[in-house]
Amino acid sequence: MAAEETGRTPTNFIEDIIEEELRTGQRGGTVITRFPPEPNGYLHIGHCKSICLNFGLGLKYGGRTHLRFDDTNPSKEEQEYVNSIMEDVRWLGFDWGQHLYYASDYFDQLYEWAILLIKAGKAYVCDLTPEQVREYRGTLTRPGKESPFRNRSVEENLDLFERMKKGEFPDGSRTLRAKIDMASPNLNLRDPVLYRILRATHHRTGDKWCIYPMYDWAHGQSDWIEGITHSICTLEFENHRPLYDWFIDTIRELGGAPKGVNYRPRQIEFARLELTYTVMSKRKLLYLVKEGHVRGWDDPRMPTISGLRRRGYTPEALREFARRIGVAKFNSTVDVAVLENAIRDDLNKRAPRVMGVLRPLKLVIDNYPEGQVEELDAINNPEDPAAGTRKVPFSKVLYIEQDDFREVPPPKYFRLFPGQEVRLRYAYFVKCTGVVKDPVTGAVTEVHCTYDPATRGGDAPDGRKVKGTIHWVSAAHAVDCEVRLYDHLFTKPDPDEIDVPDNSAGQGDDKGTRKQGDKGRGAQAAGQSATDDAPDEYEMLAGSGSLDADPAHETAGGGPADASARPAWLNNLNPKSLEILAGAKLEPSVKGAAPGTRYQFERHGYFCVDPDSTAERLVFNRTVTLKDTWAKIEKKK
RNA sequence: UGGCCCGUGGUGCAAUUGGCAGCACGUCUGACUCUGGAUCAGAAGGUUCCAGGUUCGAUUCCUGGCGGGCCAGCCA
């Protein structure tokens with residue numbers, strides 16, 4: 001309503017729907033959303049989009065947002081994941097207040113509703129094996145067949161279901177199914193399974209149950225129970241909406257509606273986030289973790305919230321990123337540069353600047369007094385005058401960046417080379433007079449120069465200019481540390497793209513490419529899902545894929561059904577995604593910085609103290625480089 | 001030869017609900033600068049998937065094509 005008069009601030013299609021409903025007074029005139037993860041893994045940047053969307057809606061319309069764990073599959077879920085998810089959501093800056101829920105809170109209610117359905121003749125216990133169920137389900141183009149157990153009496157169903165609950169039958173031997181329509185063009189309506197028998201200890205209900213509700217049976221009603229007005233989820237649940245509606249409408253007609261809830265949640269689907277040079281499937285992320293291609297879920301190269309946090313991303317940048325990418329209804333891939341730009345924008349305003357030499361080269365000022373140390377003033381953040389200044393020690397022997405010196409400069413090189421004068425930032429003009437080389441290798445080991453004492457602070461009284469300004473660290477005062485440089489985890493914008501050798505090779509170097517996981521029509525005929533991922537509202541089974549009990553169904557890479565085969569997308573892993581610099585030299589002001597502290601290393605980028613740091617040795621992660629036009633020019637050559 | 005959903009510059013999204021298609025990122029150019037990286041300015045880039053229809057007027061509404069996505073787990 002407010003948006004009606006005020007403004008033209010662009011809204012997304014979900015907000016349009018909500019505002020229309022608010023205008024017409026539907027669903028109690030409020031907005032209650034929820035973020036419903038399954039606690040089977042760590043959250044990633046795609047979840048971040050969903051979190052910002054859901055909590056953003058609650059905030060924008062003066063409603064609220066629940067955090068609910070959809071914990072209906074105890075064999076995959078763990079308390080550790082619950083904890084990490086809560087930590088990540090909080091860290092992102094969102095608050096669910098008192099509204100922390102679990103689908104497992106509703107197991108009793110769900111069970112009662114199942115009884116209600118059975119009594120109304122709308123659910124039955126089915127003895128078909130999983131294979132038979134699949135056969136009976138039919139195909140996309142052919143209707144299914146009704147189960148021979150479909151018309152059991154209410155009494156028998158009640159008895160059997162009760163005994164399922166009591167644990168009289170082995171795992172997987174029977175299911176409770178809804179009786180809907182085996183001929184429905186929507187496969188979800190072909191008598192979906194409501195309960196399966198599964199003896200697994202649940203992280204919250206322990207061994208109380210040996211039957212567990214399917215996600216489809218639990219999810220929509222959970223939203224309903226909580227009075228969720230708008231169930232925001234991803235596109236692949238579009239086909240499930242009619243089923244959720246059927247469940248709720250049927251229960252309501254049977255008089256089972258929860259007290260005080262007089263509307264049905266409206267489900268609205270949006271497209272998941274895909275990022276270039278990144279994989280966003282939890283199965284693939286898990287694979288990377290398990291196979292040791294990264295150091296864990298929080299490896300700074302991972303697109304997980306915890307990885308990004310460790311890398312040095314801020315919640316503000318992540319929220320801004322979510323705002324910039326928007327929300328729409330068709331699948332798209334966001335350029336990872338948008339993410340990088342968001343963190344640059346944020347850190348540019350806030351990160352204190354510091355001088356750090358990543359690859360040191362000794363610079364000796366021949367005419368500078370031996371043993372003299374000067375404390376020079378340096379600006380902490382040119383974008384923020386309030387950040388003040390600091391003192392940086394200067395002396396005769398310094399370190400400069402290897403890359404800031406060339407014995408033979410390329411054209412338009414602004415930095416140091418024999419005969420060239422540059423400014424040492426905040427210090428003096430120096431002119432290169434010569435080099436010392438390793439007699440064996442011929443490598444430059446030391447650069448010599450003279451300084452102009454009149455240029456103290458960095459300005460020449462005679463008004464002469466220098467083209468280059470380079471950073472430096474006093475050798476005697478330098479803090480040694482380890483710096484970890486990160487690059488994209490994959491070498492291709494689309495990690496699923498694999499090279500296909502050209503048949504007419506010999507002519508031309510054209511290499512064809514194709515999408516891994518492309519579904520030929522044949523794959524479907526084989527009755528095999530070619531789906532590469534299996535998400536919930538952004539979740540998927542952490543343990544599926546190669547670790548799944550049914551390897552024929554889905555493999556780790558969407559590749560051959562041999563679970564031991566190396567997924568093709570792994571070939572696109574970037575071998576240079578991590579570079580460790582052991583001998584970096586930083587100015588002394590960084591001494592004692594706590595893990596998580598962020599700096600801009602001038603002319604390099606933004607860095608963050610890693611938890612691996614010890615009292616003796618700091619470890620820094622490079623969050624993101626600065627934009628580098630020179631590097632871009634170099635690259636083009 | 002099923003059903004549902006979606007097609008707007010390279011990419012991601014807008015377009016006040018039918019009024020000459022804008023923004024961001026990326027790209028290119030220039031300015032400025034004690035971070036070559038901050039910042040600022042400018043430019044290029046679109047037959048709004050195609051074809052009909054309604055209308056004075058269609059990105060928007062209708063019809064038909066074409067293209068893409070999702071669905072046949074006792075996963076979520």
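Here the structure is a predicted model, which means the values were calculated and not measured.
Protein atom CZ of A:Arg196 is 9 Å distant from nucleotide atom C1' of B:rA76, rounded to whole Å. Rounded to whole angstrom, the span from the CD atom of A:Gln420 across to the P atom of B:rG36 amounts to 13 Å. Between the P atom of B:rC4 and the CG atom of A:Asp181 lies a distance of 14 Å, rounded to the nearest Å. Rounded to an integer number of Å, the gap from A:Asn341 CG to B:rG26 C1' is 10 Å. Between A:His240 atom NE2 and B:rG73 atom P the separation is 11 Å, expressed in whole Å. Remark: C1' of B:rA14 and CG of A:Asn12 are 11 Å apart, rounded to the nearest angstrom. In this structure, A:Glu236 places its CD atom 16 Å from C1' of B:rG68, rounding to the nearest Å. Computed from coordinates, the A:Asp216 CG to B:rA76 P distance equals 8 Å when rounded to whole Å.
An aromatic stacking contact links A:Phe414 with the base of B:rG36, defined here by ring centres under 5.5 Å apart and ring planes under 30° from parallel.
Here A:Arg344 does not pair with A:Asp346 in a salt bridge; the nearest charged N to carboxylate O distance is not below 4.0 Å. The pair A:Lys391-A:Asp377 meets the salt-bridge criterion, since a charged nitrogen lies less than 4.0 angstrom from a carboxylate oxygen. A salt bridge between A:Glu401 and A:Arg359 is absent, with no side-chain N of the basic residue lying under 4.0 Å from a carboxylate O of the acidic one. A salt bridge is absent between A:Lys179 and A:Asp191: the closest approach of a Lys/Arg side-chain nitrogen to an acidic carboxylate oxygen does not fall below 4.0 angstrom. Contact check on A:Arg415 versus A:Asp403 returns a salt bridge, with a Lys/Arg side-chain nitrogen under 4.0 Å from an Asp/Glu carboxylate oxygen. A salt bridge is absent between A:Arg204 and A:Glu77: the closest approach of a Lys/Arg side-chain nitrogen to an acidic carboxylate oxygen does not fall below 4.0 angstrom. A salt bridge links A:Arg34 and A:Asp223; the closest N-O separation between the charged side-chain nitrogens and carboxylate oxygens is under 4.0 Å. Salt-bridge check for A:Glu236 with A:Arg272: passed, with a basic side-chain N closer than 4.0 Å to an acidic carboxylate O.
Looking at the side chain of A:Asn73, the nearest of the listed nucleotides B:rA76, B:rG3, B:rA72 is B:rA76. For A:Asn239, whose side chain is taken as the heavy atoms from C-beta onward, the closest listed nucleotide among B:rU35, B:rA76, B:rC4 is B:rC4. Minimum atom distance to the side chain of A:Leu187 is reached by B:rA72, of the listed B:rA72, B:rC6, B:rG12.
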Where do N or O atoms of nucleotides 38-46 of chain B meet protein N or O atoms at under 3.5 Å, pair by pair?
unit_1 : atom_1 : unit_2   : atom_2 : d
B:rA38 : O3'    : A:Asn348 : ND2    : 3.4
B:rA38 : O2'    : A:Glu383 : OE2    : 2.5

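Rounded to the nearest Å, the gap between the C1' atom of B:rU11 and that of B:rU16 is 26 Å. Between B:rA31 and B:rC50, the distance separating the two C1' atoms is 45 Å to the nearest Å. Comparing the same atom, C1', in B:rA44 and in B:rU17 gives a spacing of 32 Å after rounding to whole Å. Taking atom C1' on both B:rA14 and B:rU48, the two are 12 Å apart, rounded to the nearest angstrom. Comparing B:rG64 with B:rG26, their P atoms are spaced 43 Å from each other, to the whole Å. Nucleotides B:rU8 and B:rA58 have their C1' atoms positioned 14 Å apart, rounded to a whole Å. B:rG69 and B:rU33 are spaced 48 Å apart, taking the C1' atom of each and rounding to whole Å. Nucleotides B:rU47 and B:rG7 are separated by 15 Å at their C1' atoms, to the nearest Å.
Backbone-only contact: A:Asn331 has heavy atoms under 4.0 Å from sugar-phosphate atoms and none from a base.
Of the residues A:Lys627, A:Arg350, A:Arg323, A:Arg324, the one that meets the salt bridge (Lys or Arg N to Asp or Glu O under 4.0 Å) test with A:Asp345 is A:Arg324. A:Glu421 pairs in a side chain to side chain donor-acceptor pair (under 3.5 Å) with only one of the listed residues (A:Arg464, A:Lys431, A:Lys465), which is A:Arg464.
An OP1 or OP2 oxygen of B:rA24 is reached within less than 4.0 angstrom by no side-chain nitrogen or oxygen of A:Arg323. Here A:Thr276 does not reach the OP1 or OP2 of B:rU11: none of its side-chain N or O atoms lies under 4.0 Å away. Here A:Ser184 does not reach the OP1 or OP2 of B:rG3: none of its side-chain N or O atoms lies under 4.0 Å away.
The base of B:rG12 has none of its N or O atoms less than 3.5 Å from a complementary donor or acceptor on the side chain of A:Arg324. A donor N or O paired with an acceptor N or O is not found under 3.5 Å between the base of B:rG10 and the side-chain atoms of A:Asp335.
Both key distances under 3.5 Å define a Watson-Crick or G-U pair, and stretches of 3 or more such consecutive pairs in RNA chain B run B:2-7 with B:66-71, B:10-13 with B:22-25, B:27-31 with B:39-43, B:49-53 with B:61-65.
Glycosidic conformation at B:rU17 (O4'-C1'-N9-C4 for purines, O4'-C1'-N1-C2 for pyrimidines): syn, within 90° of 0. In textbook terms, a nucleotide whose glycosidic angle is within 90° of 0 is syn, while B:rG69, being further out, is anti.
For the atom pair A:Leu586 CG and A:Phe607 CZ, the distance stands at 8.5 Å (nearest 0.5 Å). A distance of 15.5 Å separates NZ of A:Lys585 from CE of A:Met355, quoted to the nearest 0.5 Å.
Comparing A:Arg142 and A:Val327 against RNA chain B, the residue whose closest nucleotide sits nearer the 5' end is A:Arg142. Heavy-atom nearest nucleotides on RNA chain B were determined for A:Glu238 and for A:Ala328, and the one closer to the 5' end corresponds to A:Glu238.
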